Peer 1: 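Can you keep this structure in mind? I'll have questions shortly.
By convention in this document, chain letters (A, B, ...) are assigned in the order of the sequence lines, proteins followed by strands, and residues within each chain are numbered from 1. Here the structure is a predicted model, which is why all the values come from computation and not from measurement.
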Protein chains: 2
Amino acid sequence: MTLKITERLIMTPGPTMVDPRVLQAASNPILGQFDPEFTKIMNENMEFIRRAFQTKNKWSFPVDGTSRAGLEAVINSIVAHGDKVFIPRIGRFGNLAVELATRAGGEIYTLDGEWGQVLSQEKIIEKMNEIKPKVVIFVHGETSTGRLQPMDKIGAAAKKIGAFTVVDAVASFMGVNIPVDDWELDAVIGGAQKSLSAPSGITPLTFNDRFAQEISKRKRVEAGVATKDSAKADDFITSNYLDLTQLMDYWSPARLNHHTESTILNYALHEALELILNEEGLENRFENQKKQQTILKNSLRQLGLKIFGDEKNEMPNMVAVEIPSNVDGEKVRSVLLNEYGVEISSSFGPMAGKIWRIGLMGYVAQKHYVLRFLSIFSQVLEQNGAVLNIKEALEYANNAYKK
Amino acid sequence: MTLKITERLIMTPGPTMVDPRVLQAASNPILGQFDPEFTKIMNENMEFIRRAFQTKNKWSFPVDGTSRAGLEAVINSIVAHGDKVFIPRIGRFGNLAVELATRAGGEIYTLDGEWGQVLSQEKIIEKMNEIKPKVVIFVHGETSTGRLQPMDKIGAAAKKIGAFTVVDAVASFMGVNIPVDDWELDAVIGGAQKSLSAPSGITPLTFNDRFAQEISKRKRVEAGVATKDSAKADDFITSNYLDLTQLMDYWSPARLNHHTESTILNYALHEALELILNEEGLENRFENQKKQQTILKNSLRQLGLKIFGDEKNEMPNMVAVEIPSNVDGEKVRSVLLNEYGVEISSSFGPMAGKIWRIGLMGYVAQKHYVLRFLSIFSQVLEQNGAVLNIKEALEYANNAYKK
């Protein structure tokens, strides 16, 4: 059972391909979790995460788990039993927010938008003012439909009524600008395995002092490390592993011995953020994502395919394409993966069988990958019954890159 | 802020040094989580975990998080609000079990043994029969004191009264034999970063059908993937990320899209288990751990140091040594790490400042590492005020390896 991995061309909304330099970083020797050389890397990761989120938030660190762990850490720490939680919802990951807040004991209020569209911020704010929730949770990049929910005004409006905003920016992180402080967002969760192009299993997040003070009311200190001054909240946070108040003591000079931080995923996170922040540059990254996505999208149109959803509010790191009515979407996916080693995604719920989701997140958002993909995808589609303008589309794409 | 890692000689009870082949495995390209090539690796990891625990348990898989996540997943899934939980406790990690069971809402009963000793199984069983708990949680390898709690009789006794056993075998896993089925243990959690010598961030565990049936009573299916047949338990499991009933649907042909499995940590886990099961052999591994630990321990005695704790019940992958009264234990640790790149551990609670914990877990349990360590450690100790028989001790160790 020796490990044998085939290199794939991964054109999904995650997990994405990872720069070989990031994978190499993950193969470095282990360091002890309290080794000054490792705590230096942890501190640098905190600073990198601040820069990525453009925030001064002291509390900016990764959680040792996949994106869902980051979401649960934030939601489970802020939502206490019986708290009102408002969740505007435009797709599958809105459902996940409902699920996590329900498990935390929240009283859930939703506002549902049509799948493929976004909700207007005015509508969200109006409903929020009516409900007066303690917490508002929404998804920034909704990959089930490929939409990017506008959110620059929601943070300030929530603050006005004393509510806390929690943003699932897992799929948009490092694909589009998220100025956390300017937009007055209280807690934001990014993803590793999307546009950051790091391996999954570690999740960067950030939250401000207002949020930290609120969750600290529910702090519980464990037997064995508790001192006589340790406060014990009656309504304590139910998770220990994903308790942000514990993680604050771990990711600060207190260095609480909470868990053994994932060594090699911190190495990978460090290298992935280093490449974006210090080599490529944040602005270039966002520009490139948009440029590549535009070329891919327009080329797919040239092929004769229909692009799904509200184009004014689309994610810049994926394209949702309607599956032609005479084509078996799953068969195409299977031929692509099994014969060509190329992976694209289907979708969920009402979108299942209707759209393909083609990701070009982070590392894969490069000319040669897009051209390779177009070439293979169009031919496989044609072999499966679609009538396409292949020559024109490839000519279009090649020309677009020459501009 | 370019990543620069110094290779250390890590002689702590975790995280431990990792075979370069395992780190290389972690640097393989990413595969999608539903790519048949990846699900094959997942299935092989399940089979490897079964073999490592010598169990037929269908439910044998890793959790994407550090050991504490594995413990919380098991405890949070089985302990419902108000359930009686019995926790025999002989050290710091017993406190952790109390903490996790308290967060899950359990009504806690403890039986405290002296630190450095173990509890007799008869005493544990007697107390258990008196309390009649739903769940019994105990630590197998208690690294805070270096003790190995005997547990071959507890599982059967618990079953007799309908209780479920949960074993924290994080630190003993792959260092000593744990025949899960023979000992009739219901749920056992292993560790990656101990004698398995894999990077931390992923946690192998196993549980039997009886346990699976019990936790399934508390299963909740999330909105968006729920069908009309989905049962909704009133007293549902409060975590979603660490909900074993969700993970059962993820780690089975249902392939619930629960989270994006940590790709490279699965590669590392695969390689680490492959090396033990198919190259070294389980029995050889356990024999080698005991042999190396015996040589190290006796050599430290030859040096003139006192070994801490009940020798009949010691872990075979670490040695707890008393810090000589005229020596500053933290200064020695600091010189070892900062000048020689050698790491050993201090301890917790009542043991803090009294003992050093020297680990030789998994990969580091090799002759050349033990001899290097003895040579460096003895000289640093002497420079810091200890009077030792260095020549005799090294001669002893060298001879011991010749036998």
Side-chain angles (χ1 to χ4, degrees), chain A residues 1-3 5-8 10 12 14-18 23-33 35 37 44 64-69 72 92 95-96 98-100 103 193 199-201 222-224 236 238-242 259-265 267 270-271 274 337 343 348-349, chain B residues 1-3 5-8 10 12 14-18 23-33 35 37 44 64-69 72 92 95-96 98-100 103 193 199-201 222-224 236 238-242 259-265 267 270-271 274 337 343 348-349:
Chain A
M1 299 211 268
T2 304
L3 204 61
I5 314 291
T6 306
E7 187 262 353
R8 304 287 201 199
I10 306 182
T12 71
T16 55
M17 290 168 78
V18 169
L23 293 168
Q24 284 298 322
S27 71
N28 269 294
I30 300 299
L31 288 171
Q33 58 170 326
D35 188 323
E37 213 174 89
E44 288 175 358
D64 274 351
T66 71
S67 311
R68 187 175 287 230
E72 182 164 320
R92 188 250 156 134
N95 289 339
L96 174 58
V98 169
E99 176 64 18
L100 296 176
R103 296 244 187 174
Q193 74 283 6
S200 73
E222 75 186 72
F236 56 74
T238 54
S239 176
N240 171 292
Y241 185 67
L242 299 174
H259 64 278
T260 303
E261 189 58 23
S262 175
T263 322
I264 70 170
L265 288 178
Y267 297 165
H270 193 281
E271 187 72 11
E274 164 94 26
L337 182 61
E343 193 182 10
F348 308 96
Chain B
M1 301 212 269
T2 303
L3 205 60
I5 314 291
T6 305
E7 187 262 353
R8 306 287 202 199
I10 306 182
T12 71
T16 54
M17 291 168 77
V18 169
L23 293 168
Q24 285 298 323
S27 72
N28 269 296
I30 300 299
L31 288 171
Q33 59 171 325
D35 188 322
E37 213 172 271
E44 288 175 357
D64 273 351
T66 70
S67 312
R68 187 175 287 231
E72 182 164 321
R92 188 250 157 132
N95 289 337
L96 174 59
V98 169
E99 175 65 18
L100 296 176
R103 297 244 187 174
Q193 74 283 2
S200 74
E222 74 186 71
F236 54 75
T238 54
S239 177
N240 172 290
Y241 185 67
L242 299 174
H259 64 277
T260 304
E261 189 57 22
S262 176
T263 323
I264 69 169
L265 289 178
Y267 296 165
H270 193 281
E271 187 72 11
E274 164 93 27
L337 183 60
E343 192 181 11
F348 309 94

Peer 1: Kindly write out the residues that satisfy side-chain hydrogen bond (donor to acceptor under 3.5 Å, both in side chains) with S67(B), not counting sequence neighbours, or none if the list is empty.
Peer 2: Q193(B)

Peer 1: Below 4.5 Å from any heavy atom of chain A, which atoms of L100(B) appear? Answer side chain, backbone, both or neither.
Peer 2: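 For L100(B), the side chain is the part near chain A, not the backbone.
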
Peer 1: Rounded to the nearest 0.5 Å, what separates atom CG in L23(A) from atom CD1 in I264(B)?
Peer 2: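 Here the rounded value is 6.5 Å.
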
Peer 1: Determine whether R8(B) and D35(A) satisfy the following criterion, side-chain contact (heavy atoms from CB on, under 4.5 Å), listing intermediate values before the conclusion.
Peer 2: CA-CA 10 Å; R8(B) 306 287 202 199; D35(A) 188 323; 2.6 Å; yes

Peer 1: Do you know which two heavy atoms are closest between S239(A) and R103(B), and how far apart they sit?
Peer 2: O-NH1, 2.8 Å

Peer 1: What part of L31(A) lies closer than 4.5 angstrom to a heavy atom of chain B: side chain, backbone, both or neither?
Peer 2: both

Peer 1: CD of E37(A) to CD of E343(B): how many Å apart, nearest 0.5 Å?
Peer 2: 11.0 Å

Peer 1: Is a side-chain N or O of S200(B) found less than 3.5 angstrom from the main chain of T260(A), in a donor-acceptor match?
Peer 2: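 Judged by distance alone, yes, a pair lies under 3.5 Å.
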
Peer 1: Of the backbone (N, CA, C, O) and the side chain (C-beta and beyond), which part of L337(A) lies under 4.5 Å from a heavy atom of chain B, both, or neither?
Peer 2: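 Side chain only.
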
Peer 1: What part of L3(B) gets within 4.5 angstrom of chain A, counting heavy atoms only: side chain, backbone, both, or neither?
Peer 2: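 When you check distances to chain A, atoms from both the backbone and side chain of L3(B) fall under 4.5 Å.
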
Peer 1: side-chain contact (heavy atoms from CB on, under 4.5 Å) with T238(A): which residues, sequence neighbours excluded?
Peer 2: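 Testing T238(A) for side-chain contact (heavy atoms from CB on, under 4.5 Å), a comparison that skips the adjacent residues, returns N76(A), T238(B).
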
Peer 1: If I measure from the heavy atoms of chain A, does T16(B) come under 4.5 Å with its side chain, its backbone, both, or neither?
Peer 2: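 Backbone only.
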
Peer 1: Select, from N28(B), L265(B), I5(B), T2(B), the one with the greatest count of heavy-atom pairs under 4.5 Å involving chain A.
Peer 2: I5(B)

Peer 1: Which answer fits T6(B), side chain, backbone, both or neither, if we ask what part of it has an atom under 4.5 Å from a heavy atom of chain A?
Peer 2: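 Its backbone and side chain both get close to chain A.
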
Peer 1: Let me confirm one number: the CD-CG distance from E72(A) to N240(B), rounded to the nearest 0.5 Å.
Peer 2: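 Interatomic distance, E72(A) CD to N240(B) CG, rounded to 0.5 Å: 6.0 Å.
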
Peer 1: Between Y241(A) (side chain only) and T66(B) (backbone N and O only), is there a donor and an acceptor less than 3.5 Å apart?
Peer 2: yes

Peer 1: Please examine the side chains of P199(A) and T263(B), heavy atoms only from C-beta on, and report whether any two atoms are closer than 4.5 Å.
Peer 2: no

Peer 1: For P29(A), is there any backbone N or O sitting under 3.5 Å from a side-chain donor or acceptor partner on E7(B)?
Peer 2: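 Between the backbone of P29(A) and the side chain of E7(B) there is no qualifying donor-acceptor contact (under 3.5 Å).
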
Peer 1: Return the option, out of Q33(B), Q24(B), E274(B), H259(B), with the maximum number of heavy-atom pairs under 4.5 Å with chain A.
Peer 2: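 Most heavy-atom pairs within the cutoff with chain A belong to E274(B).
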
Peer 1: Side chain, backbone, both or neither: which part of T12(A) has an atom under 4.5 Å from a heavy atom of chain B?
Peer 2: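 Nothing of T12(A), per the 4.5 Å heavy-atom cut-off to chain B.
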
